[in-house]
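These notes are about the structure you will find just below.
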Amino acid sequence: MSFSGTVKEELVKHVPAARHCQIAELAAILHFCGHYVGAQERETDFVQSAEKKKENTLKLSIQAENEAVIRKCFTLLKKTFNINTSVNVTFSKKAAGRSTSCSILLENPDEVRQVLQAAKFMDKDGVPGNLREPVSTLIIRNACCQRAFLRGAFLAAGSMSDPEKSYHLEIVCTNPAQAEQICSILLLFQVEARIVQRKKYRIVYMKDGTGISDFLNIVEAHVSLMTFENYRIVKEMRNSVNRRVNCETANISKTVSASTRQVDDILYLKQRYGLANLPDNLRQMAEVRLANPDAPLRELGEYLNPPVGKSGVNHRLRKLSELADRLREVRKEQ
């Protein structure tokens, strides 16, 4: 099972105790997966008078490809409204293989009305509203209900990449208002998400490890949160080790290059000028470097008599290099 599937399985098992939170989570699932069945108008234009509503037999269907969404919906309907219904599972063939579709169909008008009124998708005259319109603020006015709503939204339309590979969490929305509502709720928890258009959908997404960790905490997927944090720790440690190794490799390469250049300059001075003609401090420095071509500056300073520090060693080697460069220029002029 993918990490996203593991998160959803944990969320399915988490059923809030308070009825208002159960309604908030169910409202999110209806918002993303609910459909009217038996209405004469298209869902996007669904507006009926009270008289016309009585003439039609309105049914409510909740459909999703992920079985976990339907199982959670079934549990919420049972616990919140004491509604028992059957789950229908169908299989279809696509180019990529066989796909599964699960659905719940509410056919009892009284049950449909009860659910829609509780989720604020039906007005006081019994006229159902557009399920894709933003959920009423009355449903998500409490922080606990906002958590439940986000949990339902991720269950219904969310996904998450494997944190071992990359950090990416997204919720697929059918219109801008849906996406903006999700982002506004996340901001209440000081979590920032972005919106991008992908074909006809609006995608609310996060690529920041801290933001995704906060999201898992908000929706109360605590086991998945711990697993995610373990991946983050390992990845950050690995990145830290890689940075340190790269830095040390660069320093070693720099040291070797500088040492090679210093030895070449000292050998040139020995051949063209003579080390005996150098001042005592520079002569001693040249001899120590030739004897220890791979030693770092601090170690070279300990071989001198009297010992000198790293900056003193660097100063003397720079003097030797400058003297070698001047001799080379003189030979060129000759």
Side-chain angles (χ1 to χ4, degrees), residues 4-5 7-16 21-39 42-44 46 58-81 83 85-92 94 99-108 111-122 128-136 139-140 145-160 169-179 181-182 185 198-204 219:
S4 183
V7 175
K8 291 190 177 185
E9 283 297 325
E10 181 180 357
L11 296 181
V12 168
K13 297 175 184 177
H14 182 91
V15 180
C21 293
Q22 295 172 3
I23 293 174
E25 188 167 354
L26 182 60
I29 295 175
L30 292 176
H31 184 48
F32 286 94
C33 299
H35 304 276
Y36 293 126
V37 179
R42 293 177 303 166
E43 184 176 323
T44 53
F46 196 85
L58 184 65
K59 301 176 184 179
L60 181 62
S61 172
I62 300 95
Q63 185 173 355
E65 293 184 1
N66 193 329
E67 180 191 353
V69 181
I70 301 304
R71 284 193 283 117
K72 187 59 176 289
C73 187
F74 181 89
T75 302
L76 291 173
L77 288 172
K78 174 64 177 176
K79 286 186 172 291
T80 311
F81 303 101
I83 295 176
T85 183
S86 59
V87 176
N88 182 39
V89 180
T90 59
F91 299 95
S92 60
K94 291 186 177 181
S99 65
T100 306
S101 177
C102 304
S103 64
I104 289 177
L105 179 62
L106 298 181
E107 300 182 277
N108 187 314
E111 292 178 347
V112 173
R113 189 180 305 108
Q114 185 183 11
V115 172
L116 291 179
Q117 286 179 343
K120 304 301 180 185
F121 286 122
M122 178 177 282
N130 189 344
L131 294 175
R132 300 298 175 261
E133 290 296 324
V135 173
S136 171
I139 295 292
I140 51 176
C145 295
Q146 293 162 3
R147 290 175 182 270
F149 179 83
L150 290 174
R151 184 163 54 246
F154 181 80
L155 265 174
S159 63
M160 184 177 173
L169 183 148
E170 68 178 35
I171 297 175
V172 181
C173 303
T174 57
N175 59 66
Q178 263 186 341
Q181 184 174 47
I182 295 293
I185 296 173
R198 187 186 299 161
K199 296 182 180 179
K200 62 179 181 179
Y201 300 103
R202 295 295 195 283
I203 311 298
V204 177
V219 300

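As a basis for the values below, the full set of heavy atoms in this structure was taken, side chains included, without hydrogen atoms, waters or symmetry mates. Because the structure is predicted, anything quoted here is derived from the model rather than measured.
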A side-chain contact here means heavy atoms from C-beta on lying under 4.5 Å apart; do [X] and [Y] qualify?
| X | Y | result |
| --- | --- | --- |
| Leu116 | Leu131 | yes |
| Ile139 | Cys145 | no |
| Lys79 | Val15 | yes |
| Val69 | Phe32 | no |
| Leu11 | Val219 | yes |
| Lys59 | Leu105 | yes |
| Phe149 | Cys21 | no |
| Ile203 | Ile171 | no |

Sequence-distant partners of Ser159, side chain to side chain donor-acceptor pair (under 3.5 Å), two or more places apart: none
Looking only at heavy atoms, what is the nearest atom pair of [X] and [Y], with distance?
| X | Y | value |
| --- | --- | --- |
| Gln181 | Pro134 | OE1-CA, 3.5 Å |
| Ala118 | Ile23 | O-CG2, 3.4 Å |
| Phe154 | Lys8 | O-CE, 3.4 Å |
| Leu30 | Arg132 | O-NH1, 3.5 Å |
| Ser61 | Val37 | CB-CG2, 3.7 Å |
| Ile29 | Ala156 | CA-CB, 4.3 Å |

Is there a donor-acceptor contact under 3.5 Å from the side chain of [X] to the main chain of [Y]?
| X | Y | answer |
| --- | --- | --- |
| His31 | Glu133 | yes |
| Gln146 | Ile140 | yes |
| Glu9 | Gly5 | no |
| Tyr36 | Gly129 | yes |

Check against side chain to side chain contact (heavy atoms under 4.5 Å, CB included), Arg202 and Gln178: CA-CA 8 Å; Arg202 295 295 195 283; Gln178 263 186 341; over 6 Å; no
For the atom pair [atom1] ([X]) and [atom2] ([Y]), what is the distance rounded to the nearest 0.5 Å?
| X | Y | atom1 | atom2 | result |
| --- | --- | --- | --- | --- |
| Cys73 | Leu155 | SG | CG | 10.5 Å |
| Leu60 | Ile62 | CG | CD1 | 4.5 Å |
| Leu77 | Gln22 | CG | CD | 10.5 Å |
| Thr80 | Gln114 | OG1 | CD | 9.5 Å |

Side chain to side chain contact (heavy atoms under 4.5 Å, CB included) between Phe121 and Val135, worked out: CA-CA 8 Å; Phe121 286 122; Val135 173; 4.0 Å; yes
Phe81, CZ: over 12 other non-hydrogen atoms inside 6.0 angstrom: yes
Over 12 foreign heavy atoms within 6.0 Å of NZ, Lys13: no
Worked check of side chain to side chain contact (heavy atoms under 4.5 Å, CB included) between Val204 and Cys173: CA-CA 7 Å; Val204 177; Cys173 303; 4.1 Å; yes
Cationic N near anionic O, under 4.0 Å, Arg151 to Glu10: no
Test: Lys72 and Glu25 ion pair at under 4.0 Å: yes
Pair Gln63, Ser103: side-chain N/O donor-acceptor within cut-off below 3.5 Å: no
